[in-house]
Amino acid sequence: MGRIICCGLGPGDPDLMSVRADRTVRAAQHVAYFRKKGRPGQARRIVEGMLAADVTEYPMEYPVTTEIAFESPEYVQLLAGFYDEWAERLARLARAVDVVVLCEGDPYFYGSFMHLHTRLQGRAAIEVIAGIPGMVGCWNGVGQPIALGDDVTTVLMGTLAEDELERRMRDSDALVIMKTGRNLAKVRRALASAGRLDDAWLVEQGTMPGERVARLAEIDAADCPYFAIVLVHGKGRHLDAAE
């Protein structure tokens, strides 16, 4: 009986992988990873040069990404079928061998593997290796504390409605906004309405080659990088209080 091992790879720089993750990746004989059609996949790129020469790879290619509206029934149906199929394939493989599934960041923090995790319960032995979340690498790139004292930190998805984004931006001290991409213009408007735009940073390709760190207000409105996170740092309320 084999296992399915979801390996958190961290924010993108292979040097930031855990010792355990590095050891697992290098020893793997069967490796699966998500990717967009026609692309190598971010997780696969992180482990380039680390895999064994005789490894068997299983690219899990999404049937759709942004061509169909996220909330459409067709989108939900296509993705559900995709995850069902790969859960079955991985469970079948794990009857005989260990399968390592690569995951950027930490698998339990908005990781794509969680769609498989729920489907694999009771069907295969599952192990999850923790990784540094991508946002951690990004705020280290800015070089400022994301939160201090009793700051409240909120993680938001750029896919939320604009009024919901604005409300939560007003109600929090530090902000992490993921899934920006084509939502960046909406995120920018919400930040401006909440009075937070001047404090916002955009970090693209955090910890990876081509990393860019810039004030969001200074980025061209037409520039919508895919692999990017928006950060607003807390103000460190009550810094004079005992910790």
Side-chain angles (χ1 to χ4, degrees), residues 11-12 36 42 62 64-76 78-79 104-112 114-115 132-208 210-241:
K36 285 188 173 185
Q42 191 67 23
Y62 288 112
V64 61
T65 49
T66 57
E67 292 83 3
I68 301 175
F70 177 79
E71 65 276 7
S72 75
E74 184 183 2
Y75 180 94
V76 174
L78 281 170
L79 266 294
E104 306 106 289
D106 181 82
Y108 281 130
F109 191 73
Y110 298 103
S112 295
M114 290 302 103
H115 297 286
I132 298 172
M135 62 182 183
V136 177
C138 288
W139 67 53
N140 273 271
V142 177
Q144 297 178 20
I146 190 66
L148 289 166
D150 61 353
D151 278 338
V152 174
T153 302
T154 299
V155 179
L156 298 170
M157 297 300 108
T159 51
L160 289 170
E162 189 169 334
D163 59 344
E164 180 72 0
L165 284 170
E166 180 185 343
R167 180 180 71 82
R168 293 182 180 273
M169 289 169 176
R170 290 182 184 276
D171 291 345
S172 190
D173 301 303
L175 299 167
V176 177
I177 306 157
M178 303 167 60
K179 296 186 180 179
T180 52
R182 61 177 56 195
N183 298 299
L184 189 58
K186 176 177 62 176
V187 169
R188 184 195 293 258
R189 291 193 303 270
L191 284 166
S193 298
R196 312 295 302 274
L197 180 59
D198 289 342
D199 295 325
W201 293 84
L202 182 131
V203 182
E204 181 183 3
Q205 301 285 335
T207 79
M208 294 174 276
E211 177 185 83
R212 175 174 62 152
V213 179
R215 292 278 188 181
L216 180 58
E218 298 172 1
I219 299 292
D220 190 299
D223 189 357
C224 297
Y226 170 71
F227 209 74
I229 283 179
V230 170
L231 301 171
V232 177
H233 293 71
K235 300 297 185 182
R237 298 183 300 156
H238 299 179
L239 283 178
D240 55 339

Strictly distance-based, threshold 3.5 Å: is any side-chain N or O of E166 a donor or acceptor partner for the main-chain N or O of E162? no

Q42 vs Q205 side-chain heavy atoms within contact, under 4.5 Å: yes

Is there a side-chain contact between L191 and I177, using heavy atoms and a 4.5 Å cut-off? yes

Contact summary for R188 and D220, nearest pair of heavy atoms: NH2-O, 3.6 Å

Heavy-atom check, side chain of D106 versus side chain of I132, under 4.5 Å: no

Check: K186 side chain, L160 main-chain N or O, donor-acceptor pair, under 3.5 Å: yes

Any non-hydrogen side-chain atom of R212 less than 4.5 Å from a side-chain atom of I219? yes

Taking the side chain as every heavy atom from C-beta outward, state whether W139 and V203 have any pair of such atoms under 4.5 Å apart. no

Spacing of CD1 belonging to I146 relative to CG belonging to L231, to within rounding of 0.5 Å: 5.0 Å

Heavy-atom check, side chain of L175 versus side chain of V230, under 4.5 Å: no

Please tell me if the side chains of W201 and R215 come closer than 4.5 Å, counting only heavy atoms from C-beta onward. yes

Can you list the steps and then say if K235 with D199 is a side chain to side chain contact (heavy atoms under 4.5 Å, CB included)? CA-CA 10 Å; K235 300 297 185 182; D199 295 325; 3.5 Å; yes

Inter-residue atom distance L78.CG - Y62.OH, 0.5 Å rounding: 13.5 Å

So does G195 get a backbone contact from the side chain of R170, meaning a donor-acceptor N/O pair under 3.5 Å? no

Working to the nearest 0.5 angstrom, can you tell me the gap between F109 CZ and M178 CE? 5.5 Å

Do you know the tightest heavy-atom contact between A217 and D198? CB-OD1, 4.4 Å

Looking only at heavy atoms, which two atoms of A147 and T153 are closest? And how far apart? CB-OG1, 3.5 Å

d(L156 CG, R167 CZ) to nearest 0.5 Å is 9.5 Å

Give me the atom names and distance for the closest heavy-atom approach of D173 to R196. O-NH2, 2.5 Å

Minimum heavy-atom distance between G134 and I229, given as atom pair plus value: C-CD1, 4.3 Å

When rounded to the nearest 0.5 angstrom, what distance separates CZ in R189 from CG in N183? 10.0 Å

Starting at NZ of K179, measure out to CG of L184 and round the result to the nearest 0.5 Å. 15.5 Å

Heavy-atom pair with the smallest gap, counting every atom of S172 and A174: OG-O, 3.1 Å

Heavy-atom distance under 4.5 Å between the side chains of L197 and M169, does that happen here? no

